[in-house]
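Every chain is numbered from 1, with letters handed out A, B, ... down the list of sequences. Remember, it's a predicted structure, so these values are computed and weren't measured experimentally.
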Number of protein chains: 2
Amino acid sequence: MPDLNRKSPESLQDRLDQVQELLSRQRLVEDLVHKQEGPQQELVEHLVHQQNLVKLQRKLDELHPADVAYILESLPLSERLAVWQLVKVERDGEILLEVSDAVRETLIADMDSDEILAAANTLDADELADLAPDLPRDVVRELMDTLDAQQRDRLKSALSYDDDQVGALMDFDMITIRDDVSLEVVSRYLRRFDALPDHTDKLFVVDTDGLLKGVLPIKKLLVGSPDDVVVDVMVEDPVVFDPQDDAGEAAQAFERYDLVSAPVVDARGRLCGRLTIDEMVDYIREESEAEVLSAAGLREEEDIFASVWKSVRNRWAWLALNLCTALIASRVIGLFEHSIEQLVALAALMPIVAGIGGNSGNQTITMIVRGVATGQVQVAHGKRLLRKEASVALINGFFWGAVLAGIAMVLYGSLPLAVVLMSAMTLNMLLAACMGVFIPLIRLRLGGDPALGSSVLITAITDSGGFFIFLGLATIFLL
Amino acid sequence: MPDLNRKSPESLQDRLDQVQELLSRQRLVEDLVHKQEGPQQELVEHLVHQQNLVKLQRKLDELHPADVAYILESLPLSERLAVWQLVKVERDGEILLEVSDAVRETLIADMDSDEILAAANTLDADELADLAPDLPRDVVRELMDTLDAQQRDRLKSALSYDDDQVGALMDFDMITIRDDVSLEVVSRYLRRFDALPDHTDKLFVVDTDGLLKGVLPIKKLLVGSPDDVVVDVMVEDPVVFDPQDDAGEAAQAFERYDLVSAPVVDARGRLCGRLTIDEMVDYIREESEAEVLSAAGLREEEDIFASVWKSVRNRWAWLALNLCTALIASRVIGLFEHSIEQLVALAALMPIVAGIGGNSGNQTITMIVRGVATGQVQVAHGKRLLRKEASVALINGFFWGAVLAGIAMVLYGSLPLAVVLMSAMTLNMLLAACMGVFIPLIRLRLGGDPALGSSVLITAITDSGGFFIFLGLATIFLL
């Protein structure tokens, strides 16, 4: 039975527990040191302390950088920095690449320029580009000076792209070959490497000007006859990307065509980099996290153990926006204070109309935004979608409106009130359905991001609209 | 300049447009045929019609199955089925694998048993397992009979696992080798294949009993000397998975360790399958879509062009739940009808207290649920997180409460009312913060899924709680 080192999440949890146990033992020791004053006592504690640290350090050295990153993310700030101090300098770089942006900030704040430079020196140009935005300006300048010309050019080029462009995510670890050599020659060429870059599932075939002629999948190299010539077995029309391409669309292409790596080619057809599936997976995960967090008005920069002030800053804008929409809704109610004074049941029933409209509108807008994001919904579909969503809203409005009207009858014994409630619910759900279709499609036509704040917008409309419709109908028909 | 077939999303959109143009041209022809009655005219139209269909069919044949799937998903039902009829039978299987569950259902409903069987015959056991739950029962039974013993066993085993277990996602395309042969022998063995399975980045080293001894990365095979023996260069402690493992955790491991493929090993250490990154990427994407959709009370089974009835059925449960919580909130207001009658400003201000509490509570619970999902938050962190979230809530509550109190002063000219409003906002945000921490942690301890309906729950609490706190305080201090 081989020693199968199961790096599954359970055992990762075990490791986190071990690190935390060692840390808490150390905290205990520190507490003791503070309480006991005798020099003898101190010495003993010092030794125990040292021993624990050594144990912890040894543990950390064994771990994959991604696991160390996970542990750092799972620790409150003080303990996080204590562990960070124990990580070997030469591993700092790869671990900084793995941690989340929020945690990376706390770690870099704890390092001096020399430490940062030492960590940076272990990284490739594309990795440096990921890190650079989080580094102090003068450190980046110093770093530039230590790089050779090619590395510096690559770093500059990577930094010139937006975070969500292919150019910012590509690496430069591509192996290139000529198209007139035999597979035998290619195999011999590869054997001269000490190791191949990760995710090398294809070699890039270029001419003397660096123009991409095709790719040679490793699979073909392995099954092909050694005498075959590259040009005869290579794939001439691989999926390629432009550094300006949107990273999200590249990720979709990776998913669609099950790619592991793909060449990045500039406008002139020159090979300038390589995209790999691991970057795409990270991108997909980050996008989906950002989507979930932003739906609640959070930004990914907030880590779970962030300081109170940081959290307040992170969340205030959304709360302010929410307060504005709530104020508008409140003013709508204010218009009808006279009606509420006469029939106080209106005050108790109005949140139901607003709430169910918001819920139903959110269902519609989520569907449409998602369809727009995947490209399946176009502006031309508007009429058809509107018809469908309006029908769904009408059915739901009549049905749930009738249920609620029944309850209102029992509670307040007024048929006219029940009818007004049912009508208001149906109308507000209809309003929600129309807005749920219109808002994303109008934004799509105007070229904006249909997802951004869509939920706040629809809720604001159905709140104010619901109050207005219900109280307005009540004022006309009941008073 | 080579013919670089850029399969980027833009050109995918172009293709969709082309298909849609061909379809609409055909619709035009059909309309004409209906209007013109002369036999001569009909014959001409018939020919044009045929020509269009042939063009469309040729277009479809050129496309990658994933692209055909995308086009099918982007078309309303009638056009979707028209295109589906044009797809060659031998491609049906791979395309069915690519489309979403909702669309797959509509396509299968359009096929007879023979067509389904023909499509199924082009698939591997693991692919059949993906499809089987959507097929009619008797077709699955018939299908089982056509398989050989090994395929049948594999299909049965794949079907025995839950959708979110590794066993349901693994395939059986693993290439196994012995550990006592030289790399030269391995290379010669590989050359006997016509093609290697996709995502073959490592070979699996097994003994005669099928026990996994290690893996040989293709990278090592390529750079190693032909005389090296497998046992000396193989990796002895690869990341392995158990068929019972949670697919989400496996996906995290793929992400963490940048894997392309990994062996799946049963409890006795026997190699029983292989996980690949493409399945993991699909899983990650599906999970994140399900998360976004379920937050709005939608299920992934609903496709954007689903029928009205299907949409109503899909959405009613969530609306019903929402109606219940809204009713409870309404009854809380009902308790204070007497107070509202006396001071009608309460009716206008109460939705603000409830709304901002819900917003702030959603921010807290989203943070915590996410932390729990990634394993970074444990029950033991409860006290620390509670302290932090409560502080954030207090600061936000005082600040925004003061802003709103100022506005209320201006509007209603009553200092006591303003103070009650500010106090109620702060208290409700505090309630939201506590519940935002408690609910996920209690569910974590009880072993449930902390994400499920967390938003509904917190909103229900902050709505009813907000009304109760505000109207209660007002009744005590203002009346």
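- Looking at A:Asp282, its side chain never comes within 3.5 Å of a backbone N or O of A:Glu279 through a donor-acceptor pair.
- Taking 4.5 Å as the limit, some side-chain heavy atom of B:Trp318 sits within range of a side-chain heavy atom of B:Val456.
- Contacts of B:His338 with chain A are absent, with no heavy-atom separation under 4.5 Å from either backbone or side chain.
- A:Thr364 is listed as a side-chain neighbour of A:Ile368, based on a closest heavy-atom distance under 4.5 Å.
- Contact tally against chain A (heavy-atom pairs below 4.5 Å) for B:Val281, B:Thr366, B:Asn359: the top residue is B:Asn359.
- Interface remark: B:Pro197 contributes backbone atoms only to the contact with chain A (heavy atom separation under 4.5 Å).
- Put simply, the side chain of B:Glu289 reaches to within 4.5 Å of the side chain of A:Arg370, judged on heavy atoms.
- When the candidates B:Ser187, B:Pro76, B:Ser288, B:Ala195 are compared by the number of heavy-atom contacts under 4.5 Å with chain A, B:Pro76 comes out ahead.
- A:Asp201 has no carboxylate O lying under 4.0 Å from a charged side-chain N of A:Lys219, or vice versa, which leaves the two without a salt bridge.
- Minimum interatomic distance between B:Val223 and A:Arg191 (heavy atoms only, all atoms of both residues): O-CG, 3.4 Å.
- For chain B, the option among A:Val260, A:Thr200, A:Asn396, A:Leu323 with the highest count of heavy-atom pairs below 4.5 Å is A:Leu323.
- Contacts between B:Ile218 and chain A at a heavy-atom distance below 4.5 Å involve the side chain alone, from C-beta outward.
- B:Lys388 and A:Ser311 share a side-chain donor-acceptor pair at under 3.5 Å.
- Legend: residues meeting side chain to side chain contact (heavy atoms under 4.5 Å, CB included) with B:Leu327, ordered by chain and number and at least two apart, are A:Ile352, A:Leu404, A:Ile407.
- Interface remark: B:Leu221 contributes side-chain atoms only to the contact with chain A (heavy atom separation under 4.5 Å).
- Heavy atoms closer than 4.5 Å to chain B are found in the side chain of A:Glu389, but not in its backbone.
- Proximity to chain A is absent for every atom of B:Arg192, based on heavy atoms less than 4.5 angstrom apart.
- Side-chain atoms of B:Val392 and A:Trp309, non-hydrogen and from C-beta on, never get closer than 4.5 Å to each other.
- Heavy atoms of B:Ile284 lying under 4.5 Å from chain A belong exclusively to its side chain.
- Only the side chain of A:Leu385 has a heavy atom closer than 4.5 Å to any heavy atom of chain B.
- Only the backbone of B:Asp194 comes within less than 4.5 Å of a heavy atom in chain A; its side chain stays farther off.
- Per-residue heavy-atom pair counts under 4.5 Å with chain A were compared for B:Thr276, B:Val312, B:Asn322, B:Asp198, and the maximum is reached by B:Asn322.
- Between chain B and the residues A:Gly355, A:Ala329, A:Ala320, A:Gly371, the largest count of heavy-atom pairs under 4.5 Å involves A:Ala320.
- Residue contact with chain A, scored on non-hydrogen atoms closer than 4.5 Å, is absent for B:Gln342.
- Ranked by heavy-atom pairs shorter than 4.5 Å toward chain B, the options A:Glu337, A:Gln363, A:Arg387, A:Glu287 are led by A:Gln363.
- Chain B forms the most heavy-atom pairs under 4.5 Å with one residue out of A:Ser307, A:Pro65, A:Pro226, A:Gly334, and that residue is A:Pro226.
- The two residues B:Leu211 and B:Arg268 make their nearest non-hydrogen contact at CD2-O, 3.3 Å.
- Heavy-atom distances place no part of A:Met280 under 4.5 Å from chain B, backbone and side chain included.
- Of the residues considered (B:Val308, B:Ile333, B:Val344, B:Val377), B:Val344 shows the highest number of contacts with chain A, using heavy-atom pairs under 4.5 Å.
- For B:Thr459, the side chain to side chain contact (heavy atoms under 4.5 Å, CB included) partners at least two apart in sequence or on another chain are B:Asn362, B:Ser455, B:Asp463.
- Interface summary for chain B: among A:Phe193, A:Phe467, A:Trp400, the most heavy-atom pairs under 4.5 angstrom belong to A:Trp400.
- Using a distance-only test at 3.5 Å, with no hydrogens or angles considered, no donor-acceptor pair links the side chain of B:Glu255 to the main chain of A:Asp278.
- B:Ile277 touches chain A through its side chain: at least one heavy atom from C-beta onward sits under 4.5 Å away, while N, CA, C and O do not.
- In this structure, chain A has no heavy atom under 4.5 Å from any part of B:Val369.
- Of the atoms belonging to B:Ile395, it is side-chain heavy atoms, and not backbone ones, that fall under 4.5 Å from chain A.
- Checked by atom type and distance alone, the side chain of B:Ser330 pairs as donor or acceptor with a backbone atom of A:Ala348 at under 3.5 Å.
- Counting heavy-atom pairs closer than 4.5 Å to chain B, the top residue among A:Met350, A:Lys220, A:Arg384 is A:Arg384.
- Ring geometry for B:His64 versus A:Tyr257: interplanar angle over 60°, hence perpendicular rather than tilted (30 to 60°).
- Interface remark: A:Arg315 contributes backbone and side-chain atoms alike to the contact with chain B (heavy atom separation under 4.5 Å).
- Classification of B:Glu236 and B:Lys213 as a salt-bridged pair fails, no side-chain N sitting under 4.0 Å from a carboxylate O.
- With a 4.5 angstrom heavy-atom cutoff, B:Ala354 does not touch chain A via any of its atoms.
- Both the backbone and the side chain of B:Ser360 come within contact range of chain A, judged by heavy atoms closer than 4.5 Å.
- The closest side-chain heavy-atom distance from A:Tyr412 to A:Leu349 is below 4.5 Å.
- Both the backbone and the side chain of B:Asp258 come within less than 4.5 Å of a heavy atom of chain A.
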